[in-house]
Amino acid sequence: QVQLVESGGGLVQAGGSLRLSCAASGRPFAGYAMAWFRQAPGKEHEFVARISSSGGSTYYADSVKGRFTISRDKVKNTVYLQMNSLKPGDTALYYCAADTKGGSIPQYNYWGQGTQVTVSS
C-alpha cells in the first residue's frame, strides 16, 4: 500500500509560480515511479509529468514542457512539481500518482486526493 498526500496548491496570478508537493508513505519510496496529473472542470484527466523510480528520467506533457519541473527527494519521500510561468489554462485539480507495478507501460495504481491550483488572468 502507498499513501499519497498532496499540498502546495493555491491561487496565483498568471506568470507566477507554485511548487506542489506529494508526500508518500507505505512502500519504499525508491521502488516506484511517480507522476502528476490534473483535471480541469469539464475536461478529462490529463497527464502532466512523470519521474522514474531513480529520478534519472523525466517526461512532460507538451503543454507544460519548459515551464514545469518534476523532481523527487528520497530522504523526504516526496515528489515535487515546480510550476513556473503559470497560465489560466493551468487551472485544475492536481493529483500525484504512484506506479508500483513497474511495467513497460505506466500503470498508476495509487492516487492522492488532489490539490487545487487556480491561476487568475
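Just so we're clear, the structure is a prediction, and the values are computed from it rather than from any experiment. We're numbering straight along the sequence, starting at 1.
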- request: Under the salt bridge (charged side-chain N to carboxylate O under 4.0 Å, His left out) rule, collect the residues that match up with K43, sequence neighbours excluded.
  value: none
- prompt: Should I51 and F47 be counted in the same cluster of Ile, Leu, Val, Met, Phe, Trp and Tyr side chains packed under 4.5 Å apart?
  reply: no
Sidechain-backbone polar pair: [X] side chain, [Y] backbone, donor-acceptor under 3.5 Å:
{"X": "Q107", "Y": "K101", "answer": "no"}
{"X": "T91", "Y": "V119", "answer": "yes"}
{"X": "Q82", "Y": "T69", "answer": "no"}
{"X": "R38", "Y": "L93", "answer": "no"}

Checking [X] now: which residues fulfil side-chain hydrogen bond (donor to acceptor under 3.5 Å, both in side chains) with it, not counting sequence neighbours?
{"X": "Y108", "value": "R50"}
{"X": "Q3", "value": "S25"}
{"X": "S71", "value": "none"}

- prompt: Do T78 and D73 meet the criterion of a side-chain donor-acceptor pair at a distance under 3.5 Å?
  reply: no
message: Restricting to non-hydrogen atoms, name the atom on A98 and the atom on L4 that form the minimum distance, rounded to 0.1 Å.
response: N-CD1, 3.8 Å
- prompt: If you take all heavy atoms of T100 and N109, which pair is closest and at what distance?
  reply: OG1-ND2, 2.7 Å
Tell me which donor-acceptor pairs under 3.5 Å the side chains of residues 53-61 have, and how far apart each pair is, sequence neighbours excluded?
unit_1: S54; atom_1: OG; unit_2: S52; atom_2: OG; d: 3.4
unit_1: S54; atom_1: OG; unit_2: G56; atom_2: N; d: 3.1
unit_1: Y60; atom_1: OH; unit_2: I70; atom_2: N; d: 2.9

message: Let's go through L86 and F68 carefully: what are the C-alpha distance in whole Å and the side-chain angles of both, what is the deciding distance for side-chain contact (heavy atoms from CB on, under 4.5 Å) to 0.1 Å, and is it a yes or a no?
response: CA-CA 9 Å; L86 283 162; F68 291 12; 3.8 Å; yes
message: Could you check whether K65 pairs with D62 (Lys NZ or Arg NE/NH1/NH2 to Asp/Glu carboxylate O, under 4.0 Å)?
response: yes
- request: May I ask you to check whether F37 and Y95 place their ring centers less than 6.0 Å from one another?
  value: no
message: I'd like to know whether Q116 forms a side-chain contact (heavy atoms from CB on, under 4.5 Å) with Y94, so could you lay out the CA-CA distance, the side-chain angles of the two residues, the decisive distance to 0.1 Å, and finally the verdict.
response: CA-CA 6 Å; Q116 179 67 38; Y94 284 72; over 6 Å; no
Counting C-beta onward and ignoring hydrogens, is there a side-chain heavy-atom pair between [X] and [Y] closer than 4.5 Å?
{"X": "R72", "Y": "M34", "answer": "yes"}
{"X": "Q113", "Y": "E6", "answer": "yes"}
{"X": "D99", "Y": "Y32", "answer": "no"}
{"X": "R67", "Y": "D90", "answer": "yes"}

task: Would you indicate whether Q1, at its atom CD, is surrounded by more than 12 heavy atoms from other residues, nucleotides or ligands within a distance under 6.0 Å?
output: no
- request: Show your working on side-chain contact (heavy atoms from CB on, under 4.5 Å) between S121 and K87 and close with a plain yes or no.
  value: CA-CA 8 Å; S121 57; K87 306 174 182 179; over 6 Å; no
Just list the side-chain donor-acceptor pairs under 3.5 Å for residues 7-22, sequence neighbours left out, or say none.
unit_1: S17; atom_1: OG; unit_2: N84; atom_2: OD1; d: 2.9

